[in-house]
Structures are given as C-alpha cells and as structure tokens.
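Residue numbers begin at 1 in each chain, while the letters A, B, ... track the order of the sequences.
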Amino acid sequence: KQEVTQIPAALSVPEGENLVLNCSFTDSAIYNLQWFRQDPGKGLTSLLLIQSSQREQTSGRLNASLDKSSGRSTLYIAASQPGDSATYLCAVYLSVTDMRFGAGTRLTVKP
Amino acid sequence: DVKVTQSSRYLVKRTGEKVFLECVQDMDHENMFWYRQDPGLGLRLIYFSYDVKMKEKGDIPEGYSVSREKKERFSLILESASTNQTSMYLCASSSNLATGAGTEAFFGQGTRLTVV
C-alpha cells in the first residue's frame, strides 16, 4: 500500500530564507507527483507537476525534484516571503485517477 | 486558466436533509473527483468519475452518492445528512492526456459543510 509522508509537519522560518519541504513515498512505481499549496479554509492550488520521466520542475522561486528510486521528492522555495505561508501538500499518482496525498507541511514565514 | 467551481463556499444543513454539492469544470477534463478533508485525516476520496454517467467508489463512499450527467458537472449527494458529514468538501478535475501538462489535477475552492 502506498504511503506518503511529509516531514516536517510544521516549519517556521524568517523571511528571506531558502527552505526545503520533503515528501517521501513507499512504492517507487508512481505515475506522476504533484505539489499543492492550501491556504486556510481554501481549496488546493497546483504548484508543480512532475511526470515520472522527469527529475525536476521549476516555477519562479519554486523548484521540485523527484527521485523515484529513493521514493523522495523535495520542494525548494527560494527567498521565502510571508505570502508563502500556507500548507504544502504532495500527491503521488498511482494511476491517472488514483492520487495519494501526504498530510502536508504547514509553513509559516515570519516578517 | 483552468477553473473548477464549487457552487457554495459555506453550507449549513440540518440532520436528515438531502444535500447537493455541485462542481463545474471548464477544461473538458475526463476525470472528476470528490474528496473530504478533515483535521488529522487528510484528504480522503469519496467518489470519482472518469466519463459521463460513469462513477467509481473511493475510500469512503458510505452515505454519499454522485451524479455526472454532463462532462463538465459532477454532483455529490448526501442522501440524509448526518453530523459526522460535517467537513470540508473538495472537488477536483484532471485530464487523461499523457503529454504536456500530463494529468495535473485542479481543485475547486472548497465547500465547508456544517450539519447541525
């Protein structure tokens, strides 16, 4: 059974710091991996999708990497800002319609 | 921009009522999903649909049903609402395309349902 773990559960950093969020999964036979952000009381906003044949994706200050063999993905946020404060979730695709979500990392960026 | 729109942000219903949650997407996506999200339990899949009139049970279908009469619309129905169905409900859609953006999933803004 695919288990998706995100560590740490919560993270607090000062503004301007670079940071890394981690996502690990137990079964390396994945289809895709997607990172989302969720603001309190809101839906999920897609940040980056990494297809299984890719190693990384970049969007602005965000960079996501995927290492299927070790069952790990990281989301790197450069020069963090208070507006980055949110919960970040990773989702592993076992198939086109089967996504398994981690519990999320709650990020607080202090001014 | 892909848009997934849920009909209500907040709903308050009474125990025993029949409740309809509506979701519409504008990207011609084949797949649509309903999740609920609860503190400490994360996102749990209730039902999904991969085509019009087609549906599959997810992890927690009990107490729910769904309807997909048109490709763009996916409805979640609580036949007789109970207090343990108080939750945040999230709708999502995705494509089956294996190229380009692949199967990127997009979510609606969520519906906070309270059953009293």
Side-chain angles (χ1 to χ4, degrees), chain A residues 1-7 9-10 23-25 29-59 62 64 66 68 73 75 86-106, chain B residues 1-6 8-10 21 23 25 27 29-45 47-51 54-59 74 87-114:
Chain A
K1 182 187 168 192
Q2 178 73 269
E3 306 249 344
V4 183
T5 305
Q6 291 187 248
I7 293 173
C23 173
S24 61
F25 45 94
I30 66 169
Y31 191 73
N32 290 334
L33 186 144
Q34 190 169 358
W35 282 93
F36 295 89
R37 118 174 225 157
Q38 186 176 30
D39 294 293
K42 302 280 182 66
L44 277 64
T45 299
S46 177
L47 296 174
L48 291 163
L49 174 83
I50 310 177
Q51 298 183 55
S52 62
S53 58
Q54 298 174 325
R55 286 283 187 140
E56 65 177 343
Q57 282 282 1
T58 298
S59 175
L62 305 180
L66 174 63
K68 284 174 55 179
S73 176
L75 179 67
T87 296
Y88 291 80
L89 296 105
C90 71
V92 168
Y93 286 72
L94 304 187
S95 70
V96 169
T97 55
D98 190 356
M99 289 180 282
R100 303 300 168 94
F101 287 84
T105 294
R106 188 171 69 251
Chain B
D1 266 1
V2 174
K3 228 181 194 156
V4 179
T5 304
Q6 295 182 228
S8 305
R9 285 292 314 278
Y10 302 95
L21 303 184
C23 176
Q25 51 95 2
M27 279 300 291
H29 282 171
E30 295 85 2
N31 307 313
M32 296 189 75
F33 309 83
W34 275 107
Y35 292 88
R36 63 177 284 178
Q37 185 179 32
D38 302 285
L41 296 175
L43 274 88
R44 293 180 290 167
L45 180 65
Y47 270 96
F48 72 95
S49 168
Y50 54 89
D51 201 351
M54 306 306 291
K55 62 185 179 185
E56 292 283 348
K57 293 180 180 179
D59 300 318
F74 192 35
S87 186
M88 169 70 96
Y89 289 86
L90 294 164
C91 174
S93 73
S94 71
S95 166
N96 284 334
L97 288 176
T99 59
T103 57
E104 187 174 3
F106 296 89
F107 278 77
Q109 76 276 30
T111 297
R112 169 70 64 184
L113 173 67
T114 302

Q: Taking side-chain hydrogen bond (donor to acceptor under 3.5 Å, both in side chains) as the test, write out the residues that go with A/Arg100, two or more places apart.
A: A/Asp98

Q. Donor-acceptor pair, A/Gln34 side chain versus B/Ala105 backbone, under 3.5 Å?
A. yes

Q: Answer with side chain, backbone, both or neither: which region of B/Gln37 has an atom nearer than 4.5 Å to a non-hydrogen atom of chain A?
A: side chain

Q) Is any side-chain heavy atom of A/Lys42 closer than 4.5 Å to a side-chain heavy atom of B/Arg9? A) yes

Q. Are A/Met99 and B/Phe48 close enough that some pair of their side-chain heavy atoms sits under 4.5 Å apart?
A. no

**Q.** Heavy-atom pair of closest approach, residues A/Val96 and B/Ser95
**A.** CG1-O, 3.9 Å

Q: Would you name the heavy atoms of B/Met88 and A/Gly41 that are closest together and state the gap between them?
A: CE-O, 3.4 Å

Q.
Would you compute the distance between atom CG of A/Leu44 and atom CZ of B/Phe106 and round it to the nearest 0.5 angstrom?
A. 12.5 Å

Q: With rounding to the nearest 0.5 Å, note down the distance linking OH in A/Tyr93 to OG1 in B/Thr103.
A: 4.5 Å

Q. Which answer fits A/Leu89, side chain, backbone, both or neither, if we ask what part of it has an atom under 4.5 Å from a heavy atom of chain B?
A. side chain

Q: With a 4.5 Å cut-off on heavy-atom pairs, point out which of A/Ala91, A/Gly43, A/Ala103 contacts chain B the most.
A: A/Gly43

